[in-house]
Visitor: 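One structure coming up, written as structure tokens, with questions to follow.
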2 protein chains.
Amino acid sequence: MSQGSTDPQGIVGFAAHDHSACTRAALALAEETCAEKGLSFTPVRRRTLEILLESHVALGAYDVLARLAEDGFGSKPPVAYRALGFLMDNGLAHRIERLNAFVACAHPGAAHDPAFFICRKCGAVAEAQGVTPLDASADAAGFAVEKTTIEAEGLCPLCREEAA
Amino acid sequence: MSQGSTDPQGIVGFAAHDHSACTRAALALAEETCAEKGLSFTPVRRRTLEILLESHVALGAYDVLARLAEDGFGSKPPVAYRALGFLMDNGLAHRIERLNAFVACAHPGAAHDPAFFICRKCGAVAEAQGVTPLDASADAAGFAVEKTTIEAEGLCPLCREEAA
DNA sequence: CGGGGGTTGTGATATTATAACATACGCGTT
DNA sequence: AACGCGTATGTTATAATATCACAACCCCCG
């Protein structure tokens, strides 16, 4: 909570920020995106995104499901998995493979090939853009890359400070 | 099956190669490594590695388990998970997060921070070394990287040819 | 009104993974 | 040989994650 430096390299998630503004902007953008593409941003889907947006921590599908059920939505796994699938298909959320968990997209609308930094202590997940380092190796091997999963686990700046 | 070019960038897994030699070498190296470190390379562990080594395709824990059970080892999940855990802890196998599956290490003994290329058609997995592209972004964000997961899904050279 | 696509909900089940505990084995000491 | 100790293996049971198949609904269009 001490520094207001701009996000280096477009990394979002660790730096202190006005989170309610961050949330509002993401929801507005989601609504806009869906309107443009003719997708229905229904109540479950919207609520699911809101739940993910509450923090920059990844949530398991069943955590999301429990929250949805509390709010009066269905209580069976497909409810959560479908809403999360919709958000992922439309670039509004991402799956963190290492954690079998989900986060709201931190760069909605932007070109996507995200990389994630996951703090093992506080669970915060930061999303970086434009890290596509595999192209050289892939080309050399004759491999045609279609999707990438890039995730780093370690300690975020705040938890490092605490540790020291 | 047409070219014998050396592996560019140390990528192993797609190029045609003498697989039985590849297997023998890996097993020998595993034995040596365990001897050096005072680890017991027991029958289940050895057999598990052999099973993974049979192809450069990732196997689920339950696939491995079925094979182990056929061979007279225990038939309950912990048997497979423990053997796989041992191999991973000692750099002899890796987990592919996107697939919830496991492959034998293609560069045993070498420094490790592997990247994987996964063919979505034939399932082959190639392992590249020395792709550590996150350092710059991580440093900029003040994040201390401890472990990385780098996986690309796409089409391998052979499946590309077939598709064309 | 009637059909059709898309969305939500449910029951049932598949797949992946771990916890907790019992048994056996190797090995050094007595 | 008998004991104690650490490691490895095995089992039962259960947790956590994910998907399938089908029914109900809703809304819009013809």
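Each chain gets a letter, A, B and so on, in the order its sequence line appears, and its residues count up from 1.
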Visitor: Looking only at side-chain N and O atoms, does A:S40 come under 4.0 Å of OP1 or OP2 in C:dT7?
Guide: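 Yes.
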
Visitor: Side chains of A:T42 and A:R46: any donor to acceptor distance under 3.5 Å?
Guide: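 On atom types as modelled, these side chains do not qualify, holding no pair under 3.5 Å.
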
Visitor: When you check the phosphate oxygens OP1 and OP2 of D:dT9, does a side-chain N or O of B:T42 lie under 4.0 Å from one of them?
Guide: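 For D:dT9, OP1/OP2 do have a side-chain N/O of B:T42 under 4.0 Å.
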
Visitor: Looking at B:F116 versus B:H94, is the centre-to-centre ring distance below 6.0 Å?
Guide: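 Yes, ring centres under 6.0 Å apart.
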
Visitor: Round to a whole Å and report the spacing from CG of A:L68 to P of C:dT7.
Guide: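 Between P of C:dT7 and CG of A:L68: 16 Å.
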
Visitor: For B:R46 and D:dA8, what is the distance between atoms CZ and C1' respectively, to the nearest whole Å?
Guide: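 Between C1' of D:dA8 and CZ of B:R46: 18 Å.
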
Visitor: Quickly work out the B:F86 CZ to D:dG10 P distance and round it to whole Å.
Guide: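 One finds 15 Å between P of D:dG10 and CZ of B:F86, rounded.
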
Visitor: Across nucleotides 17-30 of chain D, 5' to 3', mark each nucleotide with B, S or - according to how protein heavy atoms within less than 4.0 Å reach it.
Guide: BBBB----------

Visitor: Round to the nearest Å and state the distance from B:I96 atom CD1 to C:dA17 atom C1'.
Guide: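 My rounded result for the distance is 18 Å.
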
Visitor: Just by distance, no angles: are the side chains of B:H17 and B:H56 close enough, under 3.5 Å, to form a donor-acceptor pair?
Guide: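 Yes.
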
Visitor: Should A:R67 and A:E54 count as an ion pair when the cut-off is N to O under 4.0 Å?
Guide: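 Result for this pair is yes, salt bridge flagged.
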
Visitor: Using heavy-atom distances to pick each residue's nearest nucleotide on DNA chain D, tell me which of B:G74 and B:L39 is more 5'.
Guide: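 Whichever sits nearer the 5' end wins; that is B:L39.
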
Visitor: Atom CZ of B:R45 and atom P of C:dC25: how far apart are they, to the nearest Å?
Guide: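 Interatomic distance, CZ of B:R45 to P of C:dC25: 16 Å.
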
Visitor: Can you tell me the distance, in whole Å, between the CG atom of A:L59 and the P atom of D:dA16?
Guide: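 It works out to 16 Å between those atoms.
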
Visitor: Taking A:R160 first and then A:E162, would you say they form a salt bridge - that is, a charged N and a carboxylate O separated by under 4.0 Å?
Guide: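 Looking at A:R160 and A:E162, the cut-off is not met.
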
Visitor: Expressed in angstrom and rounded to an integer, what is the separation of A:F73 atom CZ from C:dT10 atom P?
Guide: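 For the pair A:F73 CZ and C:dT10 P, the rounded distance is 12 Å.
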
Visitor: Identify whether the distance between the nearest side-chain nitrogen and carboxylate oxygen of B:R95 and B:E151 falls below 4.0 Å.
Guide: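 Salt bridge flag = no for B:E151 with B:R95.
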
